[in-house]
Engineer: 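Just passing along the structure, written as structure tokens.
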2 protein chains.
Amino acid sequence: MLLHASYIVGMQETANAATIESPLPEQAPLLDRLRALVLGGEYPPGALLPELFLAEEFEVSRTPIREALKQLENEGLVEIRPRVGTFVRQPTRREIVELFELKGGLEGLAAGLLARRGDVPEVAALQRNLEASAEAVRQGDGERYASLVHEFHAILISGSANQKLEEHYDRLMNQLAYHRLVTRSIGQPGRLGSSLHEHERVVAAIEAKDHVGAEVAMRSHVDASSAAVFRAFAAEEAASHARPDA
Amino acid sequence: MLLHASYIVGMQETANAATIESPLPEQAPLLDRLRALVLGGEYPPGALLPELFLAEEFEVSRTPIREALKQLENEGLVEIRPRVGTFVRQPTRREIVELFELKGGLEGLAAGLLARRGDVPEVAALQRNLEASAEAVRQGDGERYASLVHEFHAILISGSANQKLEEHYDRLMNQLAYHRLVTRSIGQPGRLGSSLHEHERVVAAIEAKDHVGAEVAMRSHVDASSAAVFRAFAAEEAASHARPDA
DNA sequence: CTTTGATCGTTTGCATGCAACAGAACGTAG
DNA sequence: CTACGTTCTGTTGCATGCAAACGATCAAAG
């Protein structure tokens with residue numbers, strides 16, 4: 001409490017808030033609740049997470065907390081420095097590049113697999129998602145579009161009918177802390193429209209059962225989305241250099 | 001000791017053997033040593049792994065054992081049935097199909113990335129591996145070829161210069177328990193030669209900096225290798241049906 | 001012989017205690 | 001003022017205790 005007190009997020013305030021209106025139900029597994037708090041930013045990157053603090057927070061002993069933290073370390077969300085403490089991790093720029101490469105590979109693979117499966121419910125779901133997305137773009141509702149994008153990719157992955165692929169994908173996305181990235185990237189000028197257009201090309205290829213085309217289209221969509229994210233980074237940096245104290 | 005005693009592998013014999021000539025050094029992290037034992041088959045699929053047994057085996061208390069087992073469950077190598085016990089897991093046929101699909105995706109991606117990188121040391125390493133593999137095939141040394149195949153794929157993955165890809169790949173390969181599969185698959189008639197030929201096509205495309213060709217060649221190589229594995233399965237089944245007591 | 005019920009052993013889940021280590025704060029010497 | 005060594009606190013790593021739950025065994029009834 002003396003050393004790192006200022007690094008612990010929230011202390012009383014955030015802590016109680018998290019307990020009261022936790023994003024996950026009270027009886028959800030400890031691991032999921034903890035992960036949600038890390039991904040949700042309640043414990044921001046760099047924050048120290050002492051076992052005892054979390055134990056009181058979740059009203060359990062240190063043992064189950066400890067196990068959950070080790071899992072989160074395995075998932076790449078936190079870093080455990082032995083005998084020092086557990087810290088919320090933030091992916092480096094290099095890691096984000098790598099994760100997007102991987103994302104393109106996995107989503108491309110999924111698109112191809114889905115195209116091979118033919119007329120399955122997921123294809124219809126993608127079409128519906130496309131219509132809703134178009135509507136969101138027309139209305140310029142970035143928030144809603146971001147949510148639909150998330151759904152689009154989720155449908156696509158589950159449409160691959162490959163559970164292992166899905167597991168690896170979830171893992172990857174957790175590391176990317178995607179939600180925060182995607183909301184920033186669609187702020188890029190014109191990105192909404194081109195993103196939608198790319199989605200349409202993917203779905204068109206899937207409908208045509210063109211698995212190669214679907215994979216290629218999906219891969220290049222992820223590339224474009226990755227580029228948009230890094231443009232957003234660059235823009236933020238430029239802005240913060242203009243106002244160094246911001 | 002009463003209930004499942006017969007399911008616990010080895011008891012005294014195997015246990016001591018593992019302690020004496022452990023495949024990993026004594027001071028290696030507990031998790032790695034445990035994983036090696038599971039992957040090495042010392043604890044075969046279905047075996048019960050009581051915490052207390054392992055604790056005595058590794059001369060630590062239950063707590064670190066417990067943490068390691070939870071990690072192994074996360075990696076998909078064991079299954080923890082709450083309040084019952086921890087069992088060594090065996091991938092189902094369906095999971096093996098899925099894992100091979102994923103393997104093709106990741107290795108194809110890696111081949112493409114390596115091809116884009118141009119003249120890097122890994123390319124030369126692949127060429128050397130190819131020569132050694134050709135020699136092994138000429139001599140009909142399946143054992144040596146299997147080891148070289150393993151090396152080939154490892155070089156390729158690390159040549160992608162994508163650490164995250166490599167992490168996911170390692171995870172995938174652990175789940176596949178690949179070594180046991182590959183040795184069986186290359187027993188298939190003619191598989192050695194065609195496998196080598198496929199490797200050569202991959203390397204040729206990489207040398208030509210043809211990243212699309214490299215990805216396609218690698219993907220189809222994995223498909224062929226997967227097919228060989230399932231042919232080996234079918235052959236084994238046919239054999240065991242002929243001799244049901246074998 | 002089959003089925004049902006109670007009992008008992010095994011194993012985990014979680015709480016807690018204690019020692020070891022890392023790192024910050026502080027005082028002291030130069 | 002700076003550099004250095006000491007102390008002291010926070011935090012983890014591991015050991016152990018205890019209760020709960022699961023499942024097998026065994027006995028008794030139909």
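Order of the sequence lines sets the chain letters (A, B, ...), proteins ahead of strands, with each chain counted from 1.
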Engineer: Kindly state each residue pair satisfying side chain to side chain donor-acceptor pair (under 3.5 Å) with at least one member in residues 155-166 of chain B, sequence neighbours excluded.
Structural biologist: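 Every side chain to side chain donor-acceptor pair (under 3.5 Å) pair that includes a residue of residues 155-166 of chain B, provided the two are not neighbours, is A/Glu95-B/Lys164, A/Glu101-B/Asn162, A/Gln175-B/Lys164.
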Engineer: In whole angstroms, how far is the C1' atom of D/dC14 from the CG atom of B/Leu30?
Structural biologist: 12 Å
Engineer: For A/Ile65 and C/dG13, give me the distance from atom CD1 to atom P, rounded to whole Å.
Structural biologist: 16 Å
Engineer: Hey, which sits more toward the 5' end of DNA chain C by its nearest nucleotide, A/Ser61 or B/Arg81?
Structural biologist: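 Its nearest nucleotide lies further toward 5', so the answer is B/Arg81.
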Engineer: Figure out the CG/P separation between A/Leu52 and C/dC18, and round it to whole Å.
Structural biologist: 15 Å
Engineer: Measure the acute angle between the ring planes of B/His221 and B/Phe152, then classify it against the limits of 30° and 60° as parallel, tilted or perpendicular.
Structural biologist: perpendicular
Engineer: Between B/Tyr178 and B/His153, how do the two ring planes meet: parallel, tilted or perpendicular, split at 30° and 60°?
Structural biologist: tilted
Engineer: In plain terms, say whether A/Arg94 and A/Glu98 are close enough for a salt bridge, that is, a side-chain N and a carboxylate O under 4.0 Å apart.
Structural biologist: yes
Engineer: Under 3.5 Å, which N/O atoms of the protein pair with N/O atoms of nucleotides 18-22 of chain D?
Structural biologist:
from	atom 1	to	atom 2	distance (Å)
D/dA20	N3	B/Arg83	NH1	3.3

Engineer: Whole-Å distance between C/dT11 C1' and B/Leu69 CG?
Structural biologist: 12 Å
Engineer: Angle between ring planes, B/His150 versus B/His179, binned at 30° and 60°: parallel, tilted or perpendicular?
Structural biologist: perpendicular
Engineer: Whole Å only: how far is the CG atom of B/Leu49 from the P atom of C/dT11?
Structural biologist: 11 Å
Engineer: Measure the distance from CG on B/Leu31 to P on D/dG13 and round it to the nearest whole Å.
Structural biologist: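 These atoms are roughly 14 Å apart.
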Engineer: In whole Å, I'd like the distance from the CD atom of A/Glu51 to the P atom of C/dG17.
Structural biologist: 16 Å
Engineer: Donor-acceptor pair, A/Arg191 side chain versus A/Ser185 backbone, under 3.5 Å?
Structural biologist: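 No; judged by distance alone, with no hydrogens or angles, the pair does not exist.
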Engineer: What is the separation between atom CZ on A/Phe87 and atom P on D/dT12, rounded to the nearest whole Å?
Structural biologist: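 So the two atoms are 9 Å apart, to the nearest Å.
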Engineer: Less than 4.0 angstrom between a side-chain N/O of A/Arg66 and OP1 or OP2 of D/dT12, yes or no?
Structural biologist: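 The answer is no; no side-chain N or O of A/Arg66 sits under 4.0 Å from OP1 or OP2.
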Engineer: Has B/Glu122 got a side-chain atom pairing as donor or acceptor with B/Ala161's backbone, closer than 3.5 angstrom?
Structural biologist: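 The answer is no, because no donor-acceptor pair under 3.5 Å joins these two groups.
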Engineer: For D/dT11, does the base pair up with any side-chain atom of A/Thr86 as donor and acceptor (N or O, under 3.5 Å, distance only)?
Structural biologist: no
